2 protein chains.
Amino acid sequence: MPRTSDKRDRLVEAAKNLIHRQGFHRTTLADIADESEVPLGNVYYYFKTKEDICEAVLEERRLKLQETFDGCCKSNQPKQNLIELVNKIIKSSEKIAEHGCIIGSLCQELDKTKSPLRDTADKCIQEHIDWASKQFRKMGYKKTSELGFEFIARLEGIMLVGHALHEPKRIKSQLRATCKWIESL
Amino acid sequence: MPRTSDKRDRLVEAAKNLIHRQGFHRTTLADIADESEVPLGNVYYYFKTKEDICEAVLEERRLKLQETFDGCCKSNQPKQNLIELVNKIIKSSEKIAEHGCIIGSLCQELDKTKSPLRDTADKCIQEHIDWASKQFRKMGYKKTSELGFEFIARLEGIMLVGHALHEPKRIKSQLRATCKWIESL
DNA sequence: GTCTATATGTTGATAGAC
DNA sequence: GTCTATCAACATATAGAC
């Protein structure tokens, strides 16, 4: 059961996309095997259970998220960092309108589970808030965790409702309004 | 296949609760039959498919939502109406922290589906926005649909993140902040 | 109208040949 | 290490006795 390998990578990549499009429960191992072009029986050589695949997906999501945060921290201007993050989301508006927030939609699905996956997913949200709170702290604010929560909740809400209404344009305009809110702080 | 009956009511009531707690896909007909104390084979006398049960659940949710809106429209003070709605949500903070938003979490699950149920669920969100937009219009605002979207997105975001973090207190404080925002308009 | 028994299909997971 | 064949469990749905 190797940690890295071409097939393993392909399996995780396929699972990542399928879970985003269909959700975790609606995605079958057959789907993942099919999309990654790995024979179904072979999947179990790389992952003992379906949940293990989801955990690998979440792990990648967390890493990618961390990279995104780092990419939005180059300047020492916290306000600019927050705006840069929102701008990155704006660029994905179409995909979000179609499939929802990569993290948020998975969280909501896993939250209805007793699986330990739930905690891993929720950790992504918490790290997201922590990063935002840190920016607010740099801006000299108190009650930074409240502000961090407000910021992330605002983003998640826009993505959820924008997804439900299938309106990428509305997602964009609302995210731009969020930028203005940040600027006004 | 009667429209009303004691057993049918019990089935819908059970499905309503189970779907909120477990999600639609994780809830089996056996679960619903068990909780409503209706024999499994008998379920099909009342509903032809599992999706039909979900549709009945959504129908009830919409009716209940409409009642809530009407209950928040007694006064002719739109600002007060919006605040009253938020206060009603505040009262459910514990349940929301545990299982998420009744409408939002179901929407996000069904949105990943090609089922016609998706549209029914999304209609709930749209009606929610429409009601809010109407209040903003009464307040003399232009761009009311943008404001209505912002209001609902804010509520949904708070519920989603509050659910992920299992923090009823944070849900309450954020909803109170939302009230202050409304008051400041 | 009500319910038991069961068909039918799908899914996660395994055994074992190569 | 890889893959085919298949199992066991579970889910939706139906047939048919009462």
Side-chain angles (χ1 to χ4, degrees), chain A residues 1-58 106 109-110 112-118 120-121, chain B residues 1-58 106 109-110 112-118 120-121:
Chain A
M1 205 150 293
R3 283 269 175 153
T4 66
S5 92
D6 177 49
K7 283 193 183 170
R8 197 194 129 101
D9 290 348
R10 264 155 51 205
L11 282 167
V12 176
E13 184 63 24
K16 225 166 61 179
N17 295 326
L18 283 163
I19 288 172
H20 185 208
R21 292 205 300 264
Q22 308 180 342
F24 175 64
H25 288 106
R26 285 181 53 83
T27 298
T28 68
L29 291 171
D31 288 339
I32 297 170
D34 198 53
E35 180 139 325
S36 60
E37 295 184 84
V38 172
L40 179 55
N42 201 350
V43 173
Y44 287 90
Y45 176 70
Y46 298 97
F47 299 98
K48 224 178 58 189
T49 66
K50 187 189 176 187
E51 295 210 332
D52 284 352
I53 301 183
C54 193
E55 203 162 305
V57 167
L58 279 169
L106 186 51
E109 186 178 3
L110 296 174
K112 297 206 188 282
T113 296
K114 285 156 201 158
S115 154
L117 284 176
R118 204 182 73 161
T120 313
Chain B
M1 204 150 292
R3 283 269 174 155
T4 66
S5 90
D6 177 48
K7 281 192 185 171
R8 196 194 130 101
D9 290 348
R10 264 155 52 203
L11 282 167
V12 175
E13 183 64 24
K16 225 166 60 180
N17 294 326
L18 284 163
I19 289 173
H20 186 208
R21 293 204 301 263
Q22 309 181 340
F24 175 63
H25 289 105
R26 288 181 51 83
T27 298
T28 68
L29 291 171
D31 288 340
I32 297 169
D34 198 53
E35 179 139 325
S36 60
E37 293 183 86
V38 172
L40 180 55
N42 199 352
V43 172
Y44 287 89
Y45 176 70
Y46 298 96
F47 299 98
K48 221 177 61 189
T49 66
K50 188 189 175 187
E51 294 210 332
D52 284 352
I53 300 183
C54 193
E55 204 164 303
V57 167
L58 279 169
L106 186 52
E109 187 179 3
L110 296 175
K112 296 206 188 282
T113 296
K114 286 158 200 156
S115 153
L117 283 176
R118 203 181 75 161
T120 313

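Proteins come first, then strands; the chains are lettered A, B, ... in the order of their sequence lines, and each starts at number 1. Every value quoted in this text rests on a predicted model; they were computed, and no experiment measured them.
Between the CZ atom of A:Arg10 and the P atom of D:dT2 there is a distance of 10 Å, rounded to whole Å. With rounding to whole Å, A:Leu11 atom CG is found 13 Å from D:dC3 atom C1'. Taking atom CZ of residue B:Arg26 and atom P of nucleotide D:dT12, one finds them 12 Å apart after rounding to whole Å. Here C:dT11 presents its C1' atom at 15 Å from CG of A:Asp34, a figure rounded to the nearest Å. In this structure, the OH atom of B:Tyr45 is 6 Å from the P atom of C:dT2, given to the nearest Å. Look at CD1 on B:Ile32: it is 12 Å from C1' on D:dA11, rounded to the nearest Å.
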Exercise. In sequence, state the C-alpha distance, the side-chain angles, and the governing distance for A:Leu106 and A:Leu117, and then conclude on side chain to side chain contact (heavy atoms under 4.5 Å, CB included).
Key: CA-CA 10 Å; A:Leu106 186 51; A:Leu117 284 176; over 6 Å; no
Quiz prompt | Intermediate values then yes/no, side chain to side chain contact (heavy atoms under 4.5 Å, CB included), A:Asp52 and A:Thr49 | solution = CA-CA 5 Å; A:Asp52 284 352; A:Thr49 66; 3.3 Å; yes
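Put simply, the side chain of B:Asp34 never gets that close to the backbone of B:Asp31: no donor and acceptor are under 3.5 Å apart. Between the side chain of A:Lys112 and the backbone N or O of B:His20 there is at least one donor-acceptor pair closer than 3.5 Å.
Note: A:Glu35 CD to A:Asn17 CG = 6.0 Å, rounded to the nearest 0.5 Å.
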Atom pairs, protein N/O to nucleotides 12-15 of chain C N/O, distance under 3.5 Å:
unit_1	atom_1	unit_2	atom_2	d
C:dG12	OP1	A:Lys50	NZ	2.9
C:dG12	OP2	A:Leu29	N	2.9
C:dA13	OP2	A:Lys50	N	2.9
C:dA13	N7	A:Tyr44	OH	3.3

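Listed by chain and residue number, A:Glu13, A:Val57, A:Glu60, A:Arg61 satisfy the side-chain contact (heavy atoms from CB on, under 4.5 Å) test with A:Lys16 (two or more places apart in sequence, or in another chain).
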